[in-house]
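Chain naming here is simple, since letters A, B, ... match the order of the sequence lines and numbering starts at 1 in each.
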Amino acid sequence: MPNKTGRTNRLPELPEVEAVVRKLRSRAEGAFISEVRVLRARSTHPQHSALLQSASGRVIDAIDRRGKNIILRLSGSLAIRVHLRMTGNLVMLPSHLLHSQTVRVVFALRDGRGIGFEDPRVLGTVHLHTDSELQEILNDLGVEPLSADFTVSFLASHAKRSHRPVKVFLMEQNVVAGLGNIYAAESLFRARIHPARLACGISQKKVKALHAAIVEVLTEAMTEAEASYSQPGSHNGMSWRVYGREGKPCVVCGQAIRRLRQAARSTYYCAVCQK
DNA sequence: TCGATCCTGTAG
DNA sequence: CTACAGGATCGA
């Protein structure tokens with residue numbers, strides 16, 4: 001979210017989570033977890049923090065992403081599922097940083113380093129699942145928007161059945177997995193659709209534009225997220241056209257960007273461009 | 001279907 | 001000091 005200093009926090013949606021996964025994958029796949037330390041029990045809620053101990057003594061066979069979930073697949077048919085929510089991060093840390101203020105869970109490796117779950121606001125979660133449990137959870141997620149399964153007709157058929165505002169509809173993880181508050185707003189702006197329009201009332205033509213906008217926004221954000229994660233400080237992620245720009249001129253028509261409350265969240269849009 | 005809740009840093 | 005940021009979950 002933007003603040004007075006012009007700095008922007010990185011709210012992890014699909015592109016940012018994917019960047020975290022790629023970076024961690026290159027460093028931690030094949031690693032052996034020698035010890036698990038839960039420094040803040042709330043981070044495993046509603047699971048008991050002791051459950052995570054089952055991860056110790058196991059190898060990280062693979063690291064994947066599904067929606068905004070990070071999956072560490074472990075030897076012995078178990079998996080760790082991490083959700084970053086707002087302020088979480090999952091990173092390889094050297095031993096001297098493993099107990100920093102905001103580190104909530106540590107998966108210590110044999111060489112002294114560890115995978116650290118950092119999360120200042122403690123809203124993110126780290127859960128342990130059996131493979132079958134995990135399968136059930138992931139089955140409840142919708143389609144991956146950057147996969148071939150995400151088609152115009154898929155989006156159209158789900159939109160047709162939803163009587164919710166299209167912005168809220170786009171954030172439902174059981175339809176399209178991975179969109180959050182920022183990219184939902186950005187996609188609607190590019191498709192020139194008003195965020196309060198009911199999903200079922202969107203024309204076929206607009207659904208097609210929305211589909212294209214989602215793919216475009218996420219693809220662009222993915223490139224930017226990768227760059228900012230591989231070269232911290234040199235990139236700030238993609239620039240937003242509406243998100244966080246209340247009162248600032250629309251990049252297309254110059255009208256002041258407006259803010260709307262939807263489902264207790266801020267939605268930014270241009271009242272001229274988005275009808 | 002919608003509001004409250006969790007949580008803490010930052011802005012006012 | 002209060003208000004606010006928001007993803008997912010839960011209860012009305």
Side-chain angles (χ1 to χ4, degrees), chain A residues 1-18 20-21 38-49 65-71 81-90 100-105 117-127 129 133-134 136-142 144-145 158-159 161-188 195-201 218 221 225 237 240 242-248 257-269:
Chain A
M1 70 205 79
N3 59 26
K4 260 282 155 60
T5 65
R7 196 170 50 79
T8 55
N9 295 333
R10 169 195 50 82
L11 297 174
E13 300 185 25
L14 186 152
E16 292 76 20
V17 176
E18 179 65 23
V20 168
V21 163
V38 179
L39 306 172
R40 189 67 95 87
R42 182 77 209 180
S43 295
T44 69
H45 185 269
Q47 287 188 349
H48 194 291
S49 59
R65 178 194 58 76
R66 183 74 172 83
K68 298 177 202 168
N69 293 268
I70 299 172
I71 313 295
R81 181 173 61 102
V82 175
H83 199 300
L84 305 178
R85 294 285 184 97
M86 281 194 70
T87 57
N89 201 4
L90 195 65
S100 309
Q101 271 292 317
T102 61
V103 173
R104 309 305 185 192
V105 179
F117 174 66
E118 302 177 311
D119 188 17
R121 290 189 197 171
V122 207
L123 282 171
T125 51
V126 180
H127 291 147
H129 302 292
E133 266 171 21
L134 179 70
E136 278 187 35
I137 291 167
L138 299 187
N139 281 346
D140 285 340
L141 288 175
E144 283 291 326
H158 280 81
R161 281 177 263 147
S162 172
H163 289 244
R164 320 185 75 178
V166 61
K167 156 74 163 26
V168 179
F169 164 75
L170 285 181
M171 289 174 62
E172 283 172 31
Q173 301 301 301
N174 55 1
V175 180
V176 180
L179 280 180
N181 202 38
I182 297 173
Y183 298 125
E186 293 295 316
S187 299
L188 288 167
R197 288 275 302 274
L198 295 188
C200 57
L218 290 180
W240 301 317
V242 286
Y243 180 80
R245 298 192 64 244
E246 183 181 22
K248 299 207 172 95
I257 296 299
R258 296 219 226 159
R259 183 161 69 113
L260 178 70
R261 301 288 297 185
Q262 291 183 301
R265 254 116 214 108
S266 289
T267 299
Y268 299 87
Y269 70 105

Using only side-chain N and O atoms of [X], determine if any of them is under 4.0 Å from OP1 or OP2 of [N].
X	N	value
A:His45	B:dC6	no
A:Gln173	C:dG7	no
A:Arg42	B:dC6	no

A:Arg265 vs A:Ser162, nearer the 5' end of DNA chain B by closest nucleotide: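 The residue mapped nearer the 5' terminus is A:Ser162.
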
First of A:Arg85 and A:Thr102 reached from the 5' end of DNA chain B, by closest nucleotide: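 Residue closer to the 5' terminus by nearest nucleotide: A:Arg85.
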
[X] [atom1] to [N] [atom2]: how many Å, rounded?
X	N	atom1	atom2	answer
A:Arg261	C:dC4	CZ	P	7 Å
A:His127	C:dT9	NE2	C1'	11 Å
A:Leu170	C:dA8	CG	P	14 Å
A:Arg121	C:dA3	CZ	C1'	13 Å
A:Phe169	B:dC2	CZ	P	15 Å
A:Asn181	C:dA5	CG	P	9 Å
A:Leu138	C:dA8	CG	P	13 Å
A:Asn174	C:dG7	CG	P	15 Å

Sugar-phosphate, base or nothing in reach of A:Arg81, heavy atoms under 4.0 Å: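 Nothing, no heavy atom under 4.0 Å.
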
Touch class at under 4.0 angstrom, heavy-atom based, for A:Ser266 against every strand present: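 Since only primed, P, OP1 and OP2 atoms lie under 4.0 Å of A:Ser266, the category is sugar-phosphate.
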
DNA chain C: 5'-proximal contact among A:Pro46 and A:Glu13 (nearest heavy atom):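 This one resolves to A:Glu13.
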
Minimum-distance nucleotide to A:Arg40 side chain [options: B:dC7, C:dA5, C:dG7]: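 That would be B:dC7.
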
Side chain of A:Arg259 (C-beta onward), nearest among C:dA8, C:dA5, B:dC7: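 So the nucleotide nearest the side chain must be C:dA5.
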
Least distance between heavy atoms, A:Gly88 atom then A:Phe117 atom: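 Nearest heavy atoms, A:Gly88 then A:Phe117: CA-CE1, 4.3 Å.
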
Smallest separation among heavy atoms of A:Leu14 and A:Glu144, with atom names: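 Reported closest heavy-atom pair: CD1-OE1, 3.7 Å.
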
Option passing side-chain hydrogen bond (donor to acceptor under 3.5 Å, both in side chains) with A:Asn69 (candidates A:Gln173, A:His83, A:His127, A:Arg81):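 Of the listed options, the one satisfying the test is A:Arg81.
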
Minimum side-chain heavy-atom gap A:Arg42-A:His45 below 4.5 Å: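 SC-SC contact between A:Arg42 and A:His45 confirmed.
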
Backbone N/O of A:Asp119 and side chain of A:Arg104: donor-acceptor pair under 3.5 Å: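 Judged by distance alone, yes, a pair lies under 3.5 Å.
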
